[in-house]
Amino acid sequence: MARLRSLTGLLLAAIAVFVIGCSAPAAKVTTYTPEQLGLIETYASSVSGLRERMPELETYIDQQDWVDVQYFIHGPLGELRIRMDRLARQLLPGSQDQAKTLAKELYRHLVKIDEAAADRDTPLASSQYYEALKDFDAYLDLLPATDL
Ligand code: ZN
């Protein structure tokens, strides 16, 4: 009888391990795997490469060089939205929505700069440029630290 009871105990323990094991993946993900971090690092470098080029846009606005303002937005920055969305999809659920919102916001400011360039509206282009930078930096702040 004692032997049977201990077998039942073992069986229950085995079921408990099985149940816990199955429910684990449904638990909230709060950390990145090394694979995710590697992917984030790759995508992040293509996004921060464009962040480093943003001052070029400021120079064109300051010089009222509207042709180059529009060229820069449609050329080098043309892929920014796609790159930011691709990177955002790799982030943890908590940061992901925020990153997508900031990417959308940033894109909205770039559209406004493009319109301001068409209207040769320097004050609007400048203010939208600084708004764009704020959203860009807030987006980058959401990224996890990687061993870049
Ligand atoms: Zn904004």
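Every number for a ligand or one of its atoms is a count from 1 in the order of the listing. All residue numbers refer to positions in the sequence shown, counting from 1. Keep in mind it's a predicted model, so treat the numbers as computed, not measured.
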(request) Pull up every protein N/O/S atom sitting under 2.8 Å from the Zn ion (ligand 1), skipping waters. (result)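 N, O, S partners closer than 2.8 Å: Glu105 OE1, His109 NE2, Asp135 OD2.
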(request) Scan Gln98, Lys104, Gln96 and name whichever one has a side chain to side chain contact (heavy atoms under 4.5 Å, CB included) with Lys100. (result)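 Single side chain to side chain contact (heavy atoms under 4.5 Å, CB included) partner of Lys100 among Gln98, Lys104, Gln96: Gln96.
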(message) So, applying side chain to side chain contact (heavy atoms under 4.5 Å, CB included) with Leu87, which one of Ile82, Leu142, Val47 is it?
(response)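 When Ile82, Leu142, Val47 are each tested with Leu87, the side chain to side chain contact (heavy atoms under 4.5 Å, CB included) holds only for Val47.
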(message) Could you go through Asp85 and Arg89, starting from their C-alpha distance and side-chain angles, then the distance that decides it, and tell me whether this counts as salt bridge (charged side-chain N to carboxylate O under 4.0 Å, His left out)?
(response) CA-CA 6 Å; Asp85 282 344; Arg89 281 197 293 274; 5.6 Å; no
(message) Tell me if the CZ atom of Arg108 is crowded by more than 12 foreign heavy atoms within 6.0 Å.
(response) yes
(message) Testing the basics here: between Ala132 and Met54, what is the closest heavy-atom pair and its distance to 0.1 Å?
(response)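 Result for this residue pair: CB-CE, 4.3 Å.
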(message) For Glu115, is there an ion pair with Lys112 - N to carboxylate O distance below 4.0 angstrom?
(response)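 Result for this pair is no, no salt bridge flagged.
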